[in-house]
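The model shown is predicted, which means the values in this text are computed figures rather than measured ones.
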Amino acid sequence: MSEATQRPLARWAPGLAVLGSYQRRWLRGDLIAGVTMAAYLIPQVMAYAEIMGLPPVSGLWAVMAPIVVYAILGSSRQLSVGPESTTALMTAASIALVAGPVSGAQRMAVAALIAVAVGVICILAFVARLGFIANLLSKPILVGYLAALGVLMVISQFGRITQLQITGDGPWAETASLIAQIGAAHLPTVVMAVSVAAALFAMRAWLPTWPGPLLVMLAASALVAWTPLSTAGLAVIGTVPTAPPTFTLPSLDGVDPWQLVLAALGIAVVGYSDVILTSRAFAAKREERIDANAELLAMGAANLSNGLFGSFAVSSSASRTVIGDSAGSRTQLYSLTAGATVLITLFAFSAVLAAFPQAALSGVVIYAGLRLIDLGELRRIARFRRSELVLAMITALSVLFLGLLPGIGVAVGLSLLDVIRRIVHPHDGILGYVPGLAGMHDIDDYPGAIQVPGLVVYRYDSPLFFANADDFRSRALAAVREAEPAAQWFILNAEANIEVDLTAVDMVEELRRTITEEGVVFAMARLKMEVREQLAETGFIDAVGSDHIFATLPTAVAGYAAWHEEHYGYRPPGIPEATSHPDDET
């Protein structure tokens, strides 16, 4: 492919650009990875369809269009796109909100409508270049959210693994319903589901490169077919229809449009965040680049195509991406190979799929749900910062008590509040000299740091704006008033104050007036040129005096030294001899 053709393709269809410059040496890895991933994918996506109350075979058809679309438009070479546990569970909850208790073909139609809405939202976000939306969910909040989803996935299978009629609105009521009738559970079904989940965990621990879900499902099917379990009342999938989905325009009849938009928005935000986090993690390993806006277009087109062909919303699967990467995938040809393998399976091995026990599929769902509860990551968050663990737990409890979609709102809100909290009350520091270490450093970080007598060098690590202006003034004033010996100069190291608003300027001026009235000289260092121009417009620079605005900290400290020597006749102690004279730099 010529370079002139490659450039526009790389912008609008990055996946196709990669395939257009395909190298033969990648082929073996992509083919092996594709077949390996398909072996894992087939039972997994059938189980995800079960979560939504849809025919298991619909999970297989939901793979096709997204794989082709993403192979053309996606910017990740490793990402596996298709049915995914989080999206499946959110779709299941959304169907009830959007259309009430529907079933059969009507349930499938509502799921397709939700997929179309997700696709439209992603494409509109692409047009508006809203790729930054992936940053709305912090890691602790995502961990808490996924943990709650894992619990909900397990609860969603209570009826299928017991053959009981589970009632109740919400996870707690459903759990209470299970406990109330646990004695009537169908024991063979329970044993089958629990055994499948346990076997999958064992294979993940001891045989991580093997296609665990497929092997376990085949073993379960063999047990049901060739042992006394065949007469134990275990339900199987049954006849697998092989007719492909047809193009259909979803109808809004019987649908709440407002709930549809809210549901689709929630699925889009969480699904897209998962796409970006997973694709960036794998791209970083190979020093490749992910285009956040291209991912919006790819996910929008994948969901729109799925919805228009009567299928459901999709996202990315981290577990399948890991499998493909470990098997040697190099491009999205591995996903296309997996899709072709699924098609062959549908038409050539439909009898095998029909023999899959429903309880075994529930075991796969339980396995996937429990894996979302990442205890190791929660422990790591707790060791790093307890406040972030609290955020994770609040998010998880919000999802469990309020529901999936309100839980998303809480998660996004908590993320934004956490950002505001950090900006409103950021880290600050009083700077001094550390023996044997160049420059000035936070004296709290170095117990042996030496603060120049009479000089307070203060740094506030945040842009200054209305929300933290008062916090800045209070903490800076405290640094001046608590200085020992008494402060004579206050130097604001403004390197981190990359932006100011008028409220903040007024507050800095109030600080300057206050300490000046107390006999302390106000000075600034490392002031950004753009910020300086804004301060000059307000008259603040004139009030401070340009002779008290320094380009660097050494020249600011030298300015204090010169002032001190002029007033007291000697150089203040604690200042390195190499410190510049204030006129040495501009």
Would you be so kind as to tabulate the donor-acceptor pairs closer than 3.5 Å made by side chains of residues 524-545, with sequence neighbours excluded?
residue : atom : partner : partner atom : Å
R526    : NH1  : E495    : OE1          : 3.1
T538    : OG1  : L535    : O            : 2.7
T538    : OG1  : F540    : N            : 3.4

Using distance only, find each side-chain donor-acceptor pair of residues 385-392 under 3.5 Å and give its atom names and separation, not counting sequence neighbours.
residue : atom : partner : partner atom : Å
R385    : NH1  : E388    : OE2          : 2.9
E388    : OE2  : R422    : NH2          : 2.7

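Distance check, rounded to the nearest 0.5 Å: CZ of R77 to OG of S335 gives 13.0 Å. To the nearest 0.5 Å, the span separating CZ on R330 from CG on D325 amounts to 9.5 Å. Note that CD1 of I51 is 10.0 Å distant from OG1 of T91, once rounded to the nearest 0.5 Å. In this structure, CD1 on I575 lies 11.5 Å from CD1 on I450, to the nearest 0.5 angstrom. Between atom CZ of residue F126 and atom CG of residue L73 there is a gap of 9.0 Å, rounded to the nearest 0.5 Å. Atom OH in Y458 sits 10.5 Å away from atom CG in D442 (nearest 0.5 Å).
For F466, the CZ atom is loosely surrounded, since the number of other residues' heavy atoms within 6.0 Å does not exceed 12. Within a 6.0 Å radius of CD in E518, more than 12 heavy atoms belonging to other residues, nucleotides or ligands are found.
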Please lay out, stage by stage, how T395 and S398 fare under the test side-chain hydrogen bond (donor to acceptor under 3.5 Å, both in side chains). CA-CA 5 Å; T395 301; S398 297; over 6 Å; no

Step-by-step side chain to side chain contact (heavy atoms under 4.5 Å, CB included) determination, V314 to E84: CA-CA 6 Å; V314 296; E84 185 267 336; over 6 Å; no

Check the pair Q451 / Y433 against side-chain hydrogen bond (donor to acceptor under 3.5 Å, both in side chains), numbers first and verdict last. CA-CA 6 Å; Q451 190 176 352; Y433 292 103; over 6 Å; no

Chi angles and distances behind the side chain to side chain contact (heavy atoms under 4.5 Å, CB included) call for Q332, Q78: CA-CA 7 Å; Q332 283 296 324; Q78 290 86 33; 5.9 Å; no

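Counting heavy atoms from C-beta outward, V270 and T86 have side chains that approach closer than 4.5 Å. In this structure the side chain of Y272 reaches within 4.5 angstrom of the side chain of L296, judged on heavy atoms. The side-chain heavy atoms of N293 and L297, taken from C-beta on, include no pair separated by under 4.5 Å. Contact of the P573 side chain with the P453 side chain is registered, since non-hydrogen atoms from C-beta on lie closer than 4.5 Å. Contact check for M153 versus S85: side-chain heavy atoms found under the 4.5 Å cut-off. Counting heavy atoms from C-beta outward, Y560 and V521 have side chains that stay 4.5 Å or more apart. Here the side chains of L79 and Y70 are in contact, with some heavy-atom distance below 4.5 Å. Side-chain contact between M440 and I430 is absent, with no heavy atoms from C-beta onward closer than 4.5 Å.
Distance alone, capped at 3.5 Å, is enough to place a donor-acceptor pair between the N468 side chain and the P463 backbone. Remark: the backbone N or O of G271 is paired with a side-chain donor or acceptor of S315 at under 3.5 angstrom. A donor-acceptor pair is defined here as one N or O able to donate and one able to accept, closer than 3.5 Å; no such pair exists between the side chain of T278 and the backbone of V275. Proximity of a side-chain donor or acceptor of S329 to a complementary backbone N or O of T331 within less than 3.5 Å is not detected. Counting only distance, with no hydrogens or angles, the side chain of H425 and the backbone of R421 share no donor-acceptor pair below 3.5 Å. Not one N or O on the side chain of N306 forms a donor-acceptor pair closer than 3.5 Å with the backbone of A302.
Checking D428, D470, D461 one by one against R475, the salt bridge (charged side-chain N to carboxylate O under 4.0 Å, His left out) holds for a single residue, D428.
With no hydrogens or angles considered, no side-chain donor-acceptor pair links N497 and S462 at under 3.5 Å. Side-chain contact of D471 with Y460: a donor-acceptor pair under 3.5 Å is present, judged by distance alone. Under 3.5 Å, the side chains of S75 and E295 contain a donor-acceptor pair of N or O atoms.
Ionic pairing of E509 and R512 is present here: one or more N-O contacts between side-chain nitrogen and carboxylate oxygen are shorter than 4.0 angstrom.
Closest heavy-atom contact between I267 and A313: CG2-CB, 4.3 Å. Taking both residues in full, the closest heavy atoms of A504 and D501 are given as N-OD1, 2.9 Å, listed atom of the first, atom of the second, then distance. For L511 against A476, the heavy-atom pair with the smallest separation is CD2-CB, 3.7 Å.
Within the 6.0 Å centre-distance limit, the rings of W489 and H548 are counted as a close aromatic pair. Aromatic ring centres of Y570 and H564 lie closer together than 6.0 Å.
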